[in-house]
Amino acid sequence: MKRLAILALVVVVALGFWLGQARIGQFLFDRTVDRNVGRNTAAKLPDGIHAYLCGSGSPLPDAERAGPCIGVLAGEQAFVFDAGSGAIRKLGRMGFPMDRLEAGFLTHLHSDHLDGLGELMLQAWMAGGRDTPLPIYGPPGTDQVVAGFVEAYSIDRRYRIAHHGPEVARPGGFGGTAHILDPAKDAIAWQGDGVTIRVIAVDHKPVDNAYAYRIEYGGRAMVISGDTVKSDALAQFANGADLLFHEALNDRMIGRIGKTLAARGNADAAKIMSDIPDYHTSPEEAAEVAQEAGVKALVLYHLVPGPPAAPVAKAFLGHAEEKFDGQLRIGEDGMLVSLPTHGESIEFDELL
């Protein structure tokens with residue numbers, strides 16, 4: 001009888017759970033909406049520079065990492081550097097203040113750094129409430145890229161204006177205006193309201209005109225390497241900065257992927273794996289750059305390949321930790337790094 005009573009209780013509980021699934025599901029959904037939809041994480045941040053790592057990945061398939069992208073809030077102004085695939089949606093989930101977005105910047109014109117540019121312009125328009133196109137700064141060819149995305153989204157633009165009305169979908173707000181940067185002529189890419197963004201050329205041959213950026217505000221500074229080989233010029237550019245975001249490729253791991261592809265008959269993909277190490281930086285080399293620059297913290301991003309778990313992350317780093325005295329982190333999508341203007345602290349948080 002006792003066993004029958006327990007069985008009956010289990011059946012009743014299971015039946016109750018089954019019947020109540022919709023109600024439980026609705027409760028969980030409502031709570032998720034309350035916590036995440038329309039949140040502005042910037043509202044509670046202190047004055048300073050705040051870096052939203054919305055994309056730490058590479059062109060290699062990775063369900064956890066979007067393509068290269070860093071949102072930056074400096075004082076009251078927001079900027080986005082590169083727009084890799086899937087990154088803009090993560091930026092939205094992180095509560096990035098799109099209504100403060102002043103401009104987008106491209107480090108170079110490889111597809112994995114700009115294939116989300118159309119979505120960035122769309123979100124700047126709709127989520128940011130823009131009534132003028134978003135300025136997009138980058139190397140020669142940026143005008144061609146921006147024009148292509150504007151053309152590709154032109155039908156969607158018309159649909160949204162018709163559906164939401166011109167009061168919400170402001171007709172003049174979609175798209176972008178390209179601004180071509182030439183570091184040889186002007187090292188300052190942007191300046192205003194206490195924010196200075198500097199630019200230099202880096203070596204990503206055979207890619208022409210690859211750039212790194214330095215953002216300065218309130219006595220704090222951070223640098224974004226873009227794609228490059230190990231560079232003394234970049235170390236000098238980052239000299240004294242608080243924070244360096246540097247790309248990183250582990251050639252041993254890429255070599256292992258290439259050998260496997262070759263063994264399985266995919267010669268073209270294996271050739272790509274053998275090609276790419278010669279225009280990227282290893283984790284150890286990135287650590288050497290950070291050490292030479294004297295930065296306080298180094299975050300590796302644009303990870304090739306992105307380590308899926310902690311033991312793999314240690315293998316990915318190799319001997320990098322031995323070559324840099326400051327804080328060294330492997331970037332993850334959703335990471336927020338803050339440089340408050342008062343003091344010298346570097347604060348890390350997770351928003352996803």
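Ring geometry for His204 versus Tyr279: interplanar angle under 30°, hence parallel rather than tilted (30 to 60°). His179 and Tyr137 have parallel rings, their planes meeting at less than 30° on a 0 to 90° scale where 60° marks the start of perpendicular. The aromatic rings of Phe79 and Phe81 sit tilted relative to each other, their planes meeting at an angle between 30° and 60°. Ring planes of Tyr153 and Phe174: parallel class, angle under 30° (limits at 30 and 60°).
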Worked verdict on Asp156 versus Arg160 for side chain to side chain contact (heavy atoms under 4.5 Å, CB included)
CA-CA 6 Å; Asp156 177 79; Arg160 292 183 187 277; 2.7 Å; yes

Determine, stepwise, if the pair Ser338 / Asp349 fulfils side chain to side chain contact (heavy atoms under 4.5 Å, CB included).
CA-CA 8 Å; Ser338 295; Asp349 198 359; over 6 Å; no

For a side chain to side chain donor-acceptor pair (under 3.5 Å) check, start with the C-alpha distance between Arg158 and Ser154, then their side-chain angles and the critical distance, and finish with the verdict.
CA-CA 6 Å; Arg158 175 165 53 86; Ser154 61; over 6 Å; no

I'd like to know whether Leu244 forms a side chain to side chain contact (heavy atoms under 4.5 Å, CB included) with Val299, so could you lay out the CA-CA distance, the side-chain angles of the two residues, the decisive distance to 0.1 Å, and finally the verdict.
CA-CA 6 Å; Leu244 171 62; Val299 176; over 6 Å; no

Derivation and outcome, side chain to side chain donor-acceptor pair (under 3.5 Å), residues Asp227 and His113:
CA-CA 10 Å; Asp227 283 8; His113 290 254; 3.1 Å; yes

Could you walk me through whether Gln291 and Asp325 pass the side chain to side chain contact (heavy atoms under 4.5 Å, CB included) check?
CA-CA 7 Å; Gln291 184 72 12; Asp325 295 335; 2.8 Å; yes

Could you check Asp115 against Ser85 for side chain to side chain donor-acceptor pair (under 3.5 Å), going step by step and ending with a plain yes or no?
CA-CA 5 Å; Asp115 47 12; Ser85 180; 4.5 Å; no

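No side-chain donor-acceptor contact under 3.5 Å links Thr107 to the backbone of Ala212. Remark: the backbone N or O of Pro133 is paired with a side-chain donor or acceptor of Arg130 at under 3.5 angstrom. No side-chain donor-acceptor contact under 3.5 Å links Thr142 to the backbone of Ile180. Ser225 contributes a side-chain N or O that, together with a main-chain N or O of Glu247, makes up a donor-acceptor pair within less than 3.5 Å. Proximity of a side-chain donor or acceptor of Asp186 to a complementary backbone N or O of Ile188 within less than 3.5 Å is detected. The closest donor-acceptor contact from the side chain of Asp203 to the backbone of Ser231 lies at 3.5 Å or more, if one exists at all. Side chain of Trp125 to backbone of Arg170: a donor-acceptor contact under 3.5 angstrom is found. When atom types are taken as modelled, the side chain of Glu285 and the backbone of Ser282 share a donor-acceptor pair closer than 3.5 angstrom. Side-chain N or O atoms of Arg157 include one that pairs as donor or acceptor with a backbone N or O of Pro171 at under 3.5 Å. Panel note: side chain Asn250, backbone Phe316; a donor-acceptor pair is recorded below 3.5 Å.
Exactly one residue among Val295, Leu234, Leu243 makes a side chain to side chain contact (heavy atoms under 4.5 Å, CB included) with Val223. That residue is Leu234. Just one of Arg214, Glu216, Gln191 meets the side-chain hydrogen bond (donor to acceptor under 3.5 Å, both in side chains) condition when paired with Thr196; it is Gln191.
Both Leu106 and Leu120 belong to a single network of hydrophobic side chains, linked directly or stepwise wherever heavy atoms of I, L, V, M, F, W or Y lie under 4.5 Å apart. Trp190 and Ile200 are assigned to two separate hydrophobic clusters, defined by single-linkage of ILVMFWY side chains at heavy-atom distances under 4.5 Å. Cluster annotation: Ile136 is connected to Ile88 through the hydrophobic network of ILVMFWY side chains, with a link wherever side-chain heavy atoms come within less than 4.5 Å. Cluster membership check: Val337 shares its hydrophobic cluster with Ile197, using side-chain heavy-atom separations under 4.5 Å among Ile, Leu, Val, Met, Phe, Trp and Tyr. With hydrophobic clusters built from ILVMFWY side chains whose heavy atoms lie under 4.5 angstrom apart, Val207 shares a cluster with Ile272.
Annotation for Pro305 and Ile254: closest pair CD-CD1, 3.9 Å, computed over non-hydrogen atoms. Nearest approach of Leu300 to Pro283, heavy atoms of both residues: CD1-CB, 4.0 Å. Scanning all heavy atoms of the two residues, the minimum distance from Glu347 to Ser345 falls at OE2-OG, 3.3 Å. Of all the heavy atoms in Tyr52 and Leu73, the pair that sits closest is CE1-CB, 4.3 Å. Taking each heavy atom of Phe105 and Ala189 in turn, the nearest pair found is CE2-CB, 4.0 Å. Between Ala66 and Cys54 the shortest heavy-atom distance is CB-O, 3.6 Å.
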Could you pull out every donor-acceptor pair under 3.5 Å between side chains of residues 90-104 and any protein atom, sequence neighbours left out?
{"residue": "Lys90", "atom": "NZ", "partner": "Glu64", "partner atom": "O", "Å": "2.8"}
{"residue": "Lys90", "atom": "NZ", "partner": "Asp333", "partner atom": "OD2", "Å": "2.6"}
{"residue": "Arg100", "atom": "NH1", "partner": "Glu76", "partner atom": "OE1", "Å": "3.4"}

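Under the 4.5 Å side-chain criterion, counting only non-hydrogen atoms from C-beta, Val150 is in contact with Met121. Between Ile70 and Phe245, some side-chain heavy-atom pair lies under the 4.5 Å cut-off. Lys271 has its side chain out of reach of Leu261: every pair of non-hydrogen atoms, C-beta onward, lies at least 4.5 Å apart. Under the 4.5 Å side-chain criterion, counting only non-hydrogen atoms from C-beta, Val145 is not in contact with Asp143. Looking at heavy atoms from C-beta onward, Leu45 lies in side-chain contact with Leu336 at the 4.5 angstrom threshold. Considering only heavy atoms from C-beta on, Pro46 stays 4.5 Å or farther from Thr341 through its side chain.
No more than 12 heavy atoms of other residues, nucleotides or ligands shown are found within 6.0 angstrom of NE2 on His342. No more than 12 heavy atoms of other residues, nucleotides or ligands lie within 6.0 Å of CG in Asp193, so this atom counts as exposed by the packing criterion.
With sequence neighbours excluded, the residues that form a side chain to side chain contact (heavy atoms under 4.5 Å, CB included) with Lys296 are Asp242, Glu344, Ile346. Every residue two or more places apart in sequence or in another chain was checked for a side chain to side chain contact (heavy atoms under 4.5 Å, CB included) with Asp278, and none qualifies.
The CE atom of Met222 sits 4.5 Å away from atom CD1 of Ile215, with the distance rounded to the nearest 0.5 Å. Here the CZ atom belonging to Arg220 is positioned 10.0 Å from the NE2 atom belonging to His50, to the nearest 0.5 angstrom. Expressed to the nearest 0.5 Å, how far CG of Asn266 lies from CE of Met273 amounts to 9.5 Å. In this structure, CD1 on Ile330 lies 7.5 Å from CD on Glu332, to the nearest 0.5 angstrom.
For His302 and His246, the distance between ring centers is not under 6.0 angstrom.
Donor-acceptor pairing under 3.5 Å is lacking for the side chains of Thr260 and Arg264.
Geometrically, Arg198 does not engage Tyr213 in a cation-pi contact defined by less than 6.0 Å to the ring centre and at most 45° from the axis.
Using a 4.0 Å cut-off between a side-chain N of Lys or Arg and a carboxylate O of Asp or Glu, Glu284 and Lys323 do not qualify as a salt bridge.
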